[in-house]
Amino acid sequence: MEEDIPLLRLKGVTKDFAGTVVLEDVSFDLRKGEILGLVGENGAGKTTLMSILFGMPVIAATGGYGGSIQLDGREVHFSSPFDALDAGIGMVHQEFSLIPGFTTTENIMLNRELSKAGPMVYLFGDRMSVLDRMAMKKRAGAAIQRLGVDIDPGMKVSEMPVGHKQFTEIAREIDRDNVRLLVFDEPTAVLTESEADILLKAIRELAASGIAIIFISHRLQEVMDICDRVVTLRDGRTIRDVPVSRTNVSDIAASMVGRTVTAEHLKKQAELNAAETDKLPDDYVLDVRKLWVDMPGETVRDVSFKVRRGEIFGIGGLAGQGKLGVPNGIMGLYPAGGEASFDGRPLEMGNAASVLKEGLAFVSEDRRGVGLLLDESLDWNICFSAMQVKGEYLKPFLGGLFKLRDEKAMRANADKYIDMLAIKCTGARQKAKELSGGNQQKVCLAKAFSLKPKLLFVSEPTRGIDVGAKAIVLDTLRKYNRENGTTIVMVSSELEELRSVCDRVAIVSGGKVAGILPPREAPEKFAMLMSGLSAEGAEK
């Protein structure tokens with residue numbers, strides 16, 4: 001019967017890149033109004049599968065795929081994302097695809113602009129019609145309201161906090177007239193807890209209206225809270241397809257990585273760290289005083305703190321309160337002022353090259369925009385900064401008259417970090433853009449490690465990383481810190497992660513440091529600081 005035919009059916013989907021199989025015999029169904037959780041480690045094949053579904057050009061350019069995709073029982077082959085959009089499939093990508101200089105309304109209505117007759121239409125025809133900006137603003141506002149958030153339709157994307165950018169992306173997709181299926185790829189990764197709750201509620205309402213949802217997330221509790229079913233991919237295969245009523249977070253995590261991974265890992269690590277934290281001397285290597293940073297959406301107003309030599313210092317706080325602005329300002333990516341000194345020497349604000357030469361390094365939260373050379377190989381990405389800043393991985397020729405890249409040394413260095421960080425790739429010569437988001441993040445870490453920095457800023461190191469890789473990254477940071485004596489300043493939206501690896505945690509609220517607490521303090525004290533309230537026992 002017709003009602004038994006699913007909206008979407010994937011049958012035996014297979015894909016390889018240059019002989020490396022990334023998807024093998026993947027199959028599942030999705031019905032109208034159903035929310036399907038799609039989980040798996042970074043590199044498990046989730047992004048490739050969605051690229052096939054959405055008709056991304058890279059699939060056709062690399063030989064297409066095997067198996068079949070059916071919509072309403074009819075096989076479809078999308079040659080471009082426009083074909084998928086015409087069929088009613090929308091996708092909210094993990095990386096933003098907004099135009100920074102455009103407003104919220106202009107981004108939501110892009111390629112679907114509304115027009116009205118201007119005075120010249122009567123003389124020269126419809127080509128002289130003008131944009132109906134009032135109607136566009138009203139329609140964009142309706143899409144935003146449907147999500148339950150408050151965003152100014154006239155605000156430029158470049159001026160937005162990161163959470164508002166995510167909601168704008170989603171509003172653009174749900175505004176389409178014929179949307180039947182929406183794919184959400186890590187939609188809450190950049191959102192605060194309250195923003196994530198708003199979005200999850202909106203997704204439930206979208207499903208209740210009949211829209212089918214594919215929800216990709218590493219936040220497994222969200223998958224349990226919102227989804228009807230959970231499909232696990234591991235090493236490119238469908239490992240598990242179960243209703244949420246018959247599983248739990250631990251089982252999902254185990255199915256993803258082939259081993260049991262729970263919150264106990266973070267708890268045990270925090271207990272081990274507590275004893276080591278007390279041994280750190282009061283030898284302060286970084287001294288920041290009255291720092292201000294003009295970073296859109298993350299403005300820093302008056303931040304002061306000191307970091308001990310050899311410690312892991314955490315910086316947390318809600319989205320838009322300024323925590324991301326601290327490293328971006330000190331490293332010279334945004335206009336900044338105040339004072340910062342490293343090892344007793346003043347740092348030159350606004351001069352990134354000077355700061356790097358002082359022995360500082362930075363892993364940005366914006367891995368695609370700042371962190372990577374997407375069209376270059378992994379060995380080139382990993383060694384590039386060390387080559388530029390320190391002149392490493394270069395061989396002199398003709399008595400040093402000129403230098404060429406030392407390809408052998410670059411390859412060896414890249415292989416070392418690929419193994420250390422368990423980067424899923426075909427090898428050191430694979431292009432960075434071909435890796436999953438989480439593995440790209442690991443490449444950014446390897447790039448920073450190659451500089452052998454004295455102090456390393458790491459901003460959102462586990463954003464978009466699966467439960468297994470998250471433990472690897474956090475363990476690697478702690479190991480690198482202890483074995484090399486490298487001072488690390490870790491900025492994260494994940495409070496529990498900060499508490500699991502950091503020696504002290506500063507909370508930024510309203511562009512200022514609300515207080516600094518040891519990680520063993522009760523979560524309630526951290527919550528008070530995030531709310532702008534004082535907490536007993538906090539450093540100022």
Assess the side chains of [X] and [Y]: does a donor N or O sit below 3.5 Å from an acceptor N or O?
X      : Y      : value
Glu222 : Thr188 : yes
Thr105 : Arg139 : no
Glu365 : Asn328 : yes
Ser377 : Asp379 : yes
Ser97  : Arg172 : yes
Gln166 : His164 : no

[Y] and [X], any side-chain heavy atoms less than 4.5 Å apart:
X      : Y      : result
Met50  : Ile214 : yes
Leu372 : Val443 : yes
Met490 : Val501 : yes

Exercise for the section: Tell me, please, whether Phe17 has Lys15 positioned over its six-membered ring: NZ or CZ under 6.0 Å from the ring centre and within 45 degrees of its axis? Expected result: yes
Problem - Glu376/Lys431 ion pair, N-O < 4.0 Å - result: no
Handout entry: Test: Glu186 and Arg219 ion pair at under 4.0 Å
Key = no
Show the atom names and distances, to 0.1 Å, of all donor-acceptor pairs under 3.5 Å that link a side chain in residues 66-74 to residues at least two apart or in another chain.
from	atom 1	to	atom 2	distance (Å)
Asp72	OD1	Arg180	NH2	3.2
Asp72	OD2	Arg180	NH2	2.1

Exercise for the section: Output yes when a side-chain donor or acceptor of Thr476 lies under 3.5 Å from a complementary backbone atom of Leu421, and no otherwise. Expected result: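 Looks like no, no N/O pair under 3.5 Å.
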Practice task
Please answer whether the main-chain N or O of Glu494 pairs with a side-chain N or O of Glu497 as donor and acceptor at a distance below 3.5 Å.
Solution key: no
Completion exercise
One should read off an interatomic distance between Thr62 OG1 and Met56 CE, to the nearest 0.5 angstrom, of 11.5 Å
Practice task
Start with the C-alpha distance between Glu205 and Arg146, add both sets of side-chain angles, then the distance that settles salt bridge (Lys or Arg N to Asp or Glu O under 4.0 Å), and finish with yes or no.
Solution key: CA-CA 9 Å; Glu205 291 176 355; Arg146 194 174 177 187; over 6 Å; no
Exercise for the section: For salt bridge (Lys or Arg N to Asp or Glu O under 4.0 Å), just list the numbers for Glu75 and Arg9, CA-CA rounded to whole Å, side-chain angles, deciding distance to a tenth of an Å, and then say yes or no. Expected result: CA-CA 9 Å; Glu75 189 165 351; Arg9 171 166 285 168; over 6 Å; no
Handout entry: Mutual orientation of the aromatic rings belonging to Phe215 and Phe184 [parallel < 30°, tilted 30-60°, perpendicular > 60°]
Key =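 Phe215 and Phe184: tilted rings.
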